[in-house]
Amino acid sequence: MNPDLERLHPYPFEKLKTLFSGLPQSDKSPIALSIGEPKHPSPDFVQQVLKDSTARLANYPTTAGIPELSEAIGQWLKRRFHLQDIDPASQVLPVNGTREALFSFTQAVVDRQRQPLVLMPNPFYQIYEGATLLAGGEPMYLPCTDATGLQPDFDAVSEDTWTRTQLLFICTPGNPTGATLSKAQLKALIQLADKYDFVIASDECYSEIYRDTPPT
Ligand SMILES: Cc1ncc(COP(=O)(O)O)c(C=O)c1O
C-alpha cells in the first residue's frame, strides 16, 4: 500500500456524521447545509438533453471529450473573463468533477524528490490537502481570518517558503467564506509564480454564484 495513505485525514463529512450522531431526536426536519447537494430541480433543458442522449451511453467517452464542449467552454471563458487567445484543443480539458481534476493535477505537478511545499488557504476544500499528501508534498496552510480579509495574507509568506513552493491553491470566491481575490492580488501571485517557478491552481468553482455583479 502507498504509505502516504496513513497521512490522510478523515473527510469532513465523516467527522460531521459522528458529531450528528449524538443529537437529540426532533420533529423538525433539518435544512442540510453540509455536502452542498442541489436543492432545486435540474433545469428542464438539461434533463431533456440527457434524455435525448441516452443512445450514446454505449460509447466510451474520450479523455479529451467532444470538441464542441471544449469549444463552448473556451467561448464562455472569453465572454465571462474577457480572456483572449484561448485554444480549446490544448487549453481546455473537460472533467466529470473538479475534485478528481484537482487531485490528478496535483499528482502531475508535484515533484516529490524536491521536498515540495503546497500552499493552500485555511479553511480549505479537503482535496487540496489529500492530493498534496498523496503526491508526497507538505501542505502549508495559509490562515484566512477576519484580519486577513478571509483570504490568505500572501505578503506574510516568507521567501524561503516561496522558494520551496511547487503548487499554490487559491479558491476565489473562497469556500467557505465567499471572499474573493482582487485583480491586483491575482497579478501579484502570477508574478510570484514566475519568480519562484511554481504553479497556481485557481479553483473558481463558485465564480457563478453572486448577488449583483459577477466577481472578476
Ligand atoms: C472549493 C471547491 N472546489 C471543488 C469542489 C468539487 O466540486 P465538484 O467535484 O463537484 O466539481 C468543491 C465541492 O464542494 C468545492 O467546494
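In this chain, residues are counted from 1 in sequence order. Side chains are part of it too, since the values below use all heavy atoms of this structure and drop only hydrogens, waters and symmetry mates. Every number for a ligand or one of its atoms is a count from 1 in the order of the listing.
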pair Leu142-Met120: side-chain heavy atoms closer than 4.5 Å: no
Those atoms of ligand 1 less than 4.0 Å from some heavy atom in Cys171: 1 (C)
For ligand 1, which atoms have a heavy atom of Cys205 less than 4.0 angstrom away? 1 (C), 2 (C), 3 (N), 4 (C), 15 (C)
Contact between Tyr206 and Asn175 at the side-chain level, heavy atoms closer than 4.5 Å - yes or no? yes
Compute whether any side-chain donor of one residue and acceptor of the other, for His9 and Glu129, lie under 3.5 angstrom apart. yes
Does Asp203, backbone or side chain, put an N or O under 3.5 Å from an N or O of ligand 1? yes
Taking the basic N atoms (NZ, or NE/NH1/NH2) and the acidic carboxylate oxygens, is any pair closer than 4.0 Å for Arg112 and Asp4? yes
Could you check which of Thr98, Leu102, Asn175 puts a non-hydrogen atom nearest to atom 11 (O) of ligand 1? Thr98
May I ask you to test the Phe169-Tyr125 pair for a side-chain heavy-atom distance under 4.5 Å? no
How about Gln75 and Arg79: do any of their side-chain heavy atoms sit closer than 4.5 Å? yes
With heavy-atom distances below 4.0 Å as the criterion, list the atoms of ligand 1 near Gly97. 9 (O), 11 (O)
If the contact criterion is a heavy-atom separation under 4.0 Å, does Tyr206 count as touching ligand 1? yes
Any non-hydrogen side-chain atom of Leu50 less than 4.5 Å from a side-chain atom of Phe45? no
Look only at interatomic distance and state if Glu100 has a nitrogen or oxygen under 3.5 Å from any nitrogen or oxygen of ligand 1. no
Less than 4.0 Å from atom 9 (O) of ligand 1, is there any heavy atom belonging to the protein? yes
Ranked by distance from atom 12 (C) of ligand 1, the top protein heavy atom is Tyr125 CZ, 3.3 Å
